[in-house]
There are 2 protein chains.
Amino acid sequence: MSKHDATPEANGAAGEPRLSRASVQRFSLYLRHLERWKKEGLEVVSSSQLGDALGINDAQVRKDLAYLGNLGQPGIGYYTQELISALRYRLGVDHTWNAVLVGVGNLARALLRYGGFAQQGFRFVGLFDADPQKVGQKIDGLQIHSPEKLAAVIAAERVDLAVVAVPAAEAQQVADALVAAGIKGILNFAPTLLRVPTHVSLIAVDLAVQLEQLAFLVHLAQQESTDAR
Amino acid sequence: MSKHDATPEANGAAGEPRLSRASVQRFSLYLRHLERWKKEGLEVVSSSQLGDALGINDAQVRKDLAYLGNLGQPGIGYYTQELISALRYRLGVDHTWNAVLVGVGNLARALLRYGGFAQQGFRFVGLFDADPQKVGQKIDGLQIHSPEKLAAVIAAERVDLAVVAVPAAEAQQVADALVAAGIKGILNFAPTLLRVPTHVSLIAVDLAVQLEQLAFLVHLAQQESTDAR
DNA sequence: GCAACATTGTGCAAAAGTGCACAATCCTTC
DNA sequence: GAAGGATTGTGCACTTTTGCACAATGTTGC
């Protein structure tokens, strides 16, 4: 969904194998499972356990994890805590990220209430909405500001990330304001392609597209079962 | 995110080039841009226009579109309307899909209000929530049912798709009930890996993972700019 | 009707991603 | 302290995806 933004290559050095885009996609999922297992008291995990959890090959898991350094113990596996720390460090979630949320609709409320973010080290420090009726209200202790205050809050709170959850028609305008305010990354839920400078990272989640993909898979399965007759 | 479910190969015939997984991912995006352009009065589009819109190579676009048949006119491009029809047909969104929504929280409300679905041919015909307080309430004219009625509604309304927006702990249980009720595809927003039979298609959207990916991209960009010094 | 131009469809090669297989390593048991 | 079992790291081959380059085709202007 975001094929044409910042490249995930990160080696000052020369011939080292680059960190593959696909691997990074899986890193978050590894992390989630590891943290659950850690809570359940599992001190050591193997590549095949992780592979099963994600539905992928165990060799793939080992190759992914090799990017973190040689953490694996042959004959044993990986120490859960060590792996978690390495993953968090490599993903950049070993410290808290401050984020703002623009567009306080139902999606925004859902995101705020969804505990997963806080647990992963993300902290929403500002809400913004253009609707004057909403400005001044509080949600979960956070006040809704007018968009004019974007730059001020972003500077004052050292905000790096922004979530855009406004209608498609306003999204680009919001993005431009965020970029101007010095934001470094945008998570876009508006169903439109945002144009941002290369120094700003962008991830887009298009919910309608996801449902369409699902429809396609079902459509396909039906065709196949028809063909098979 | 859903690498191990239904395969997108759909050829009864023998040696035809299979419809590539990556292409399908882009089909929805092509469709969105085409529908916008159509509205703006554009009768004809070229592969390079589409490529620019998606940030990919124009040859890639032509290869994707070749799966729809030889719609392109050399020297001209593609007729917008014809391409839209072909895409909708191939994606299976040339007719309306009925869907149910399980778990009526803020995310569900956001999805219901999000016009994109109706526009793309998706219709929510039933809401379900285990909370007795919510059962009986109405949202946008749709009544919230108890989960016990899942099977009945799914059968009566010919529902093929379900959106799961319940907490992670309940998701698998809900999925099992949906599968038992004969659902054909599940769009899962719960941050957990659902296990479903192979004849049920599955797409998972994990919002926390997306934010983590964004953090990684920003983290990486910062490292790079540090390295460059 | 012909030259100039734009654009498609596709063979081919390069790149990226995946999976197998096996040597190397470590633990456990006797 | 040696054998057996478990597990990693990785070379190699295979598959999928992407990008280039160009012949083939259609349009437009004169």
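Please read all numbers here as calculations on a predicted model, not as lab measurements. A note on names: the letters A, B, ... follow the listed sequences, proteins ahead of strands, and every chain is numbered from 1.
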Can you tell me how far P of C/dG17 sits from NZ of A/K63, to the nearest Å? 12 Å

Using OP1 and OP2 only, check whether a side-chain N or O of A/S47 sits under 4.0 Å from D/dT7. no

Where is the tightest heavy-atom contact between B/Q172 and B/L193, given as atom of each residue plus distance? OE1-O, 4.0 Å

Could you state the CD-C1' distance from B/Q49 to C/dT7, rounded to the nearest angstrom? 11 Å

Strictly by modelled atom types, are A/Q120 and A/E35 linked by a side-chain donor-acceptor pair under 3.5 Å? yes

Look at the rings of B/H219 and A/H95 and say which category their plane angle falls in: under 30° parallel, 30 to 60° tilted, over 60° perpendicular. tilted

Distance in angstrom units between A/D58 CG and C/dC22 P, rounded: 15 Å

Using a heavy-atom cut-off of under 4.0 Å over every strand shown, decide if A/G72 touches base, sugar-phosphate, or nothing. sugar-phosphate

Separation of B/Q73 atom CD from C/dT7 atom P, in whole Å? 13 Å

Does a nitrogen or oxygen in the side chain of B/Y78 sit under 4.0 Å from OP1 or OP2 of C/dG9? yes

Using heavy atoms to find the nearest nucleotide of DNA chain C for A/G75 and A/S23 separately, return the residue whose nucleotide is more 5′. A/S23

If I take atom OH in residue A/Y67 and atom C1' in nucleotide D/dT10, what distance separates them, rounded to the nearest angstrom? 12 Å

Below 4.0 angstrom from OP1 or OP2 of D/dT16, is there any side-chain N or O of B/S20? no

In whole angstrom, give the distance that lies between atom CD1 of A/I76 and atom P of D/dG9. 12 Å

Regarding A/S23 and A/D64, is there a side-chain donor-to-acceptor distance under 3.5 Å anywhere? yes

If you compare every side-chain N and O of B/R26 against the phosphate oxygens of D/dT18 (OP1, OP2), does one of them come in below 4.0 Å? yes

Nucleotide D/dT7, atom P - distance to CZ of A/R62 in whole Å: 10 Å

Please tell me which of the listed nucleotides, C/dT10, D/dT17, C/dT7, lies nearest to the side chain of B/P74? C/dT7

Is any side-chain N or O of A/N57 closer than 4.0 Å to OP1 or OP2 of C/dC20? yes

Assess, by modelled atom type and distance only, whether the side chains of B/R123 and B/T96 contain a donor and an acceptor separated by less than 3.5 Å. no

Give the rounded distance in Å between these two atoms: CD of A/E43 and C1' of D/dT7. 18 Å

